[in-house]
Amino acid sequence: MNLKSLKIALICGLILALLPLPYGYFTILRIFGCLVFILQLINIPKTKRHSRNSEFVICIVLIILFQPILRLPLGRLIWNIVDVATAIWLLLNLNRRTRKTKK
């Protein structure tokens, strides 16, 4: 699986997280999200890293938020906002990467 399909799967998982699902789903989603953000961080191009500083910082923040070791008690509403904002960011990031590779 490539990073693009992992991002699409994570976007779907984040949207599904808005539903009242068992807690185990959210644990799996946090593990999967953390792994996807680590992979994305690794795949930030080494050239022009200075222009990717915002993406680097966002990935680090999302890794910390989604890390499965220490649970962050943000509450259901805050997590829903984080999930939607993350899904939107991933979608925009996915489109931006696709446009740059087509050039």
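Count residues from 1 along the sequence. As the structure is a prediction and not an experimental result, all values here were calculated from the model.
- With hydrogens and angles ignored, the 3.5 Å screen pairs no side-chain donor or acceptor of Tyr25 with any backbone N or O of Pro20.
- Scanning all heavy atoms of the two residues, the minimum distance from Ile11 to Ala87 falls at CG1-O, 4.0 Å.
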Check against side-chain contact (heavy atoms from CB on, under 4.5 Å), Glu55 and Trp89: CA-CA 10 Å; Glu55 184 178 356; Trp89 181 77; 4.1 Å; yes
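- Ile88 places a side-chain heavy atom less than 4.5 Å from the side chain of Val84.
- With a 4.5 Å cut-off between side-chain heavy atoms of Ile, Leu, Val, Met, Phe, Trp and Tyr, the cluster of Ile28 takes in none.
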Criterion side-chain contact (heavy atoms from CB on, under 4.5 Å) on Leu94 and Leu90, from CA distance to verdict: CA-CA 6 Å; Leu94 188 69; Leu90 280 170; over 6 Å; no
Step-by-step side chain to side chain donor-acceptor pair (under 3.5 Å) determination, Asp83 to Thr86: CA-CA 5 Å; Asp83 291 341; Thr86 304; 5.6 Å; no
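- Here the closest non-hydrogen pair linking Ala17 and Asn80 is O-OD1, 3.9 Å.
- Leu29 and Leu77 fall into different hydrophobic clusters, defined by Ile, Leu, Val, Met, Phe, Trp and Tyr side-chain heavy atoms under 4.5 Å apart, directly or through other members.
- Between the side chain of Gln40 and the main chain of Asn43, no donor-acceptor pair closer than 3.5 Å is present.
- Taking CG from Leu41 and CD1 from Ile58, the interatomic distance works out to 12.0 Å, rounded to the nearest 0.5 Å.
- With rounding to the nearest 0.5 Å, the separation of CG in Leu39 from CG in Leu6 is 6.5 Å.
- In terms of heavy atoms, Lys7 sits closest to Val36 at CG-CG1, 4.3 Å.
- Taking CZ from Phe37 and CD from Gln67, the interatomic distance works out to 13.0 Å, rounded to the nearest 0.5 Å.
- Tracing side-chain contacts under 4.5 Å through hydrophobic residues (I, L, V, M, F, W, Y), one never reaches Phe32 starting from Ile69; they form parts of separate clusters.
- At a threshold of 4.5 Å between side-chain heavy atoms, the hydrophobic network of Ile, Leu, Val, Met, Phe, Trp and Tyr places Leu62 and Ile81 in two separate groups.
- Scanning for side chain to side chain contact (heavy atoms under 4.5 Å, CB included) contacts around Ile31 gives Thr27, Leu35, Pro68, with sequence neighbours left out.
- Partners of Arg71 under the side chain to side chain donor-acceptor pair (under 3.5 Å) rule, at least two apart in sequence or in another chain, are Tyr23.
- Phe66 and Trp79 have perpendicular rings, their planes meeting at more than 60° on a 0 to 90° scale where under 30° would count as parallel.
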Pair Leu74-Leu65, side-chain contact (heavy atoms from CB on, under 4.5 Å): steps then yes or no: CA-CA 10 Å; Leu74 298 179; Leu65 269 176; 3.9 Å; yes
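- Note on Ile60: it clusters hydrophobically with Leu72, by side-chain heavy-atom contacts below 4.5 Å among ILVMFWY residues.
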